[in-house]
**Q** 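A single structure is presented below for examination.
What you are looking at is a predicted structure, and each value in this text was computed from that prediction instead of being measured. Numbers here simply count residues along the sequence, with the first being 1.
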Amino acid sequence: MIDVWWGLVEGKGPKAYDWSAYKQVFDLVHEAGLKLQAIMSFHQCGGNVGDVVNIPIPQWVRDVGATDPDIFYTNRGGTRNIEYLTLGVDDQPLFH
């Protein structure tokens, strides 16, 4: 199992995909005759106290959130979390 991080694959811009790092892993797994389950992770990786890895959601998404913070998850108390998007934007054309 491997997490495929949105912030790595589509980090440079909408629909600008870079699979190169993952392709190397996929090729190694294939050469070993193994199977791999890819988990598409559309949230931030790490970035908290004690974490050694930090892969935020793409900057171009965070830029949209700077002008429209309602795209980020917000709990009932009004606390907003920019580590992931709210489910309410799944079908919204926010990113051109």
**Q** Spell out, yes or no, whether I82 and Y84 are grouped together once hydrophobic residues are joined by side-chain heavy atoms under 4.5 Å, including indirect joins.
**A**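 Hydrophobic grouping puts I82 apart from Y84.
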**Q** Identify the heavy atoms of N54 and Q44 that sit nearest to each other, and give their distance.
**A** OD1-NE2, 3.7 Å
**Q** When you measure from the side chain of D51 to the backbone of V53, do you find a donor-acceptor pair of N or O atoms at a distance under 3.5 Å?
**A**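 The answer is no, because no donor-acceptor pair under 3.5 Å joins these two groups.
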**Q** How close do E10 and K15 get, counting heavy atoms only, and between which atoms?
**A** OE2-N, 2.6 Å
**Q** Report whether L87 and F72 are members of the same hydrophobic cluster (ILVMFWY, side-chain heavy atoms less than 4.5 Å apart, transitive linking).
**A** no
**Q** Quick one: does Q37's side chain have a donor or acceptor within less than 3.5 Å of a partner on M1's backbone?
**A** no
**Q** Treat each ILVMFWY residue as a node, draw an edge where side-chain heavy atoms are under 4.5 Å apart, and state whether I55 and M40 are in one component.
**A** yes
**Q** More than 12 foreign heavy atoms under 6.0 Å from CG of L8: is that the case here?
**A** yes
**Q** Is there side-chain contact between L85 and F42, with heavy atoms separated by less than 4.5 Å?
**A** no
**Q** If two hydrophobic side chains count as joined below 4.5 Å and joins carry through other members, does V9 share a cluster with V29?
**A**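 Yes, same cluster.
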**Q** Measure the shortest side-chain to side-chain distance between D70 and R80 over non-hydrogen atoms and say whether it is less than 4.5 angstrom.
**A** yes
**Q** Out of curiosity, Y22 OH to I2 CD1, how far, rounded to the nearest 0.5 Å?
**A**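 Atom-to-atom, Y22:OH and I2:CD1 are 6.0 Å apart.
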**Q** Roughly how far, to the nearest 0.5 Å, is the CG atom of N81 from the OG1 atom of T86?
**A** 11.0 Å
**Q** For the CG atom of D18 and the NZ atom of K23, what is their distance to the nearest 0.5 Å?
**A**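 The distance works out to 12.5 Å.
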**Q** Kindly determine whether K12 and W60 satisfy side-chain contact (heavy atoms from CB on, under 4.5 Å), including the steps that lead there.
**A** CA-CA 8 Å; K12 294 179 182 162; W60 57 271; over 6 Å; no
**Q** Membership question, hydrophobic clusters at under 4.5 Å side-chain separation (ILVMFWY): are V61 and Y73 in the same one?
**A** no
**Q** Could you tell me the separation between the CD1 atom of I71 and the CZ atom of R62, rounded to the nearest 0.5 Å?
**A** 11.0 Å
**Q** Can you tell me which residue among P58, P56, S41 is in a side-chain contact (heavy atoms from CB on, under 4.5 Å) with W5?
**A**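 For W5, the side-chain contact (heavy atoms from CB on, under 4.5 Å) test succeeds with only one of P58, P56, S41, which is S41.
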